Protein chains: 2
Amino acid sequence: MEMQSLQDLMIDELRDLYSAENQILKALPKMIKKATAPELKQGFEKHLRETEGHVERLDKIFQQLDASHRGKKCKGMEGIIEDGKELMEEDADPEVMDAGLIGAAQHVEHYEMAGYGCVRTYSELLGLSDVAKLLQKTLDEEKATDQKLTELSRQINVKAEKAA
Amino acid sequence: MEMQSLQDLMIDELRDLYSAENQILKALPKMIKKATAPELKQGFEKHLRETEGHVERLDKIFQQLDASHRGKKCKGMEGIIEDGKELMEEDADPEVMDAGLIGAAQHVEHYEMAGYGCVRTYSELLGLSDVAKLLQKTLDEEKATDQKLTELSRQINVKAEKAA
């Protein structure tokens, strides 16, 4: 991988995000199955559909940049999902598990917020305003998901606390 | 690991953060060495000192909770650092490398913001106000570091763009 320009760095980070999003697409159905609270299940289902849209946006961006999405496995997301799998194997109280699933999902969202924040900035600096707009849309959706998870955690954590 | 109460979940997440912070302590000196821009080197050095303080705060919290910090390896941070190592092995233009290092550090910060946000909320719900205050302090420092990195990225990325 050449890394001589900001565009090289942007494409490298976009590949990282492409790998991350596709790992999330595989992980979310397991999280939906494991969640107990209906509002959490619904939240994860909504985010699964959004994630499909994020991959489509990345596909469009790779086409616009005439670059391939291949060649990178995002190890950060791999580790975050591995931590989530360990949690899901625990023998946990259902409400405590829901609180844990929210925490796992917030690690996923924050990873993406960091990545999309970077590529949005790079694309702006490179004058690629169409690309920047697409990336900003996804960044806004990731932030909104994180905020909804925080709201949900206040409710579910309270329940988990009472169950203790 | 028992996971029957919110306190169990909180201790599990605190161990995850303890592992994460200690991995960061090992990774930061390599990033300081690799960075070129003096303001980035200084920023990383400052954050190294802060990170030592975060570990001390976690030690205090484990003492207060009469719990051990052992027993968990944070795979999320392991993956994020692995991604950073791959970047540092690239044959990159120095300013592009600086921009990449900022991106890597922002992934680290966001991981921690997610984790500290969770345990801060759990400790509040459990009525552990001393613990919550310590965790809020660290969370505020992680957020401030992330913001400084964003400001720095606007300057360094612009330079990296001109170097392209």
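Note on naming: letters A, B, ... go to the chains in the order of the sequence lines (proteins, then strands), and numbering restarts at 1 for each one. As the structure is a computational prediction, the values presented were derived from the model and not from experiment.
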Output a table of donor-acceptor pairs, distance under 3.5 Å, between side-chain atoms of residues 72-79 of chain B and any protein atom two or more places apart or on a different chain; print 'none' if there are none.
{"from": "B:K72", "atom 1": "NZ", "to": "B:D12", "atom 2": "OD1", "distance (Å)": "3.4"}
{"from": "B:K72", "atom 1": "NZ", "to": "B:D12", "atom 2": "OD2", "distance (Å)": "2.9"}
{"from": "B:K75", "atom 1": "NZ", "to": "A:E86", "atom 2": "OE2", "distance (Å)": "2.6"}

Practice task
Verify whether one side chain among B:T36 and B:E95 offers a donor that lies under 3.5 Å from an acceptor in the other.
Solution key: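 B:T36 vs B:E95: no donor-acceptor pair found between side chains.
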Problem - Inter-residue atom distance A:L40.CG - A:E45.CD, 0.5 Å rounding - result: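 Here the rounded value is 10.0 Å.
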Practice task
Please state whether the rings of B:Y111 and A:H107 are parallel, tilted or perpendicular, taking 30° and 60° as the class boundaries.
Solution key: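 Tilted.
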Using non-hydrogen atoms and a 4.5 Å limit, figure out which bit of [X] sits close to chain B: side chain, backbone, both or neither.
{"X": "A:E109", "result": "neither"}
{"X": "A:D16", "result": "side chain"}
{"X": "A:E112", "result": "neither"}
{"X": "A:I81", "result": "neither"}

Practice task
Under 4.5 Å, counting heavy-atom pairs only, tell me which of B:T150, B:L149, B:T121 racks up the most with chain A.
Solution key: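 Winner by heavy-atom pair count: B:T121.
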Exercise for the section: Return the option, out of B:L125, B:L87, B:I80, with the maximum number of heavy-atom pairs under 4.5 Å with chain A. Expected result: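 Greatest number of close heavy-atom pairs with chain A: B:L125.
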Practice task
Pick one of side chain, backbone, both or neither for B:I102, based on which atoms fall under 4.5 Å of a heavy atom in chain A.
Solution key: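 Interface part for B:I102: neither.
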Can I get a per-line list of side-chain donor-acceptor pairs under 3.5 Å for residues 24-35 of chain A, giving both atom names and the distance, sequence neighbours left out?
{"from": "A:K34", "atom 1": "NZ", "to": "A:M88", "atom 2": "O", "distance (Å)": "3.0"}

Problem - Cationic N near anionic O, under 4.0 Å, B:R57 to B:E21 - result: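 Salt bridge absent between B:R57 and B:E21.
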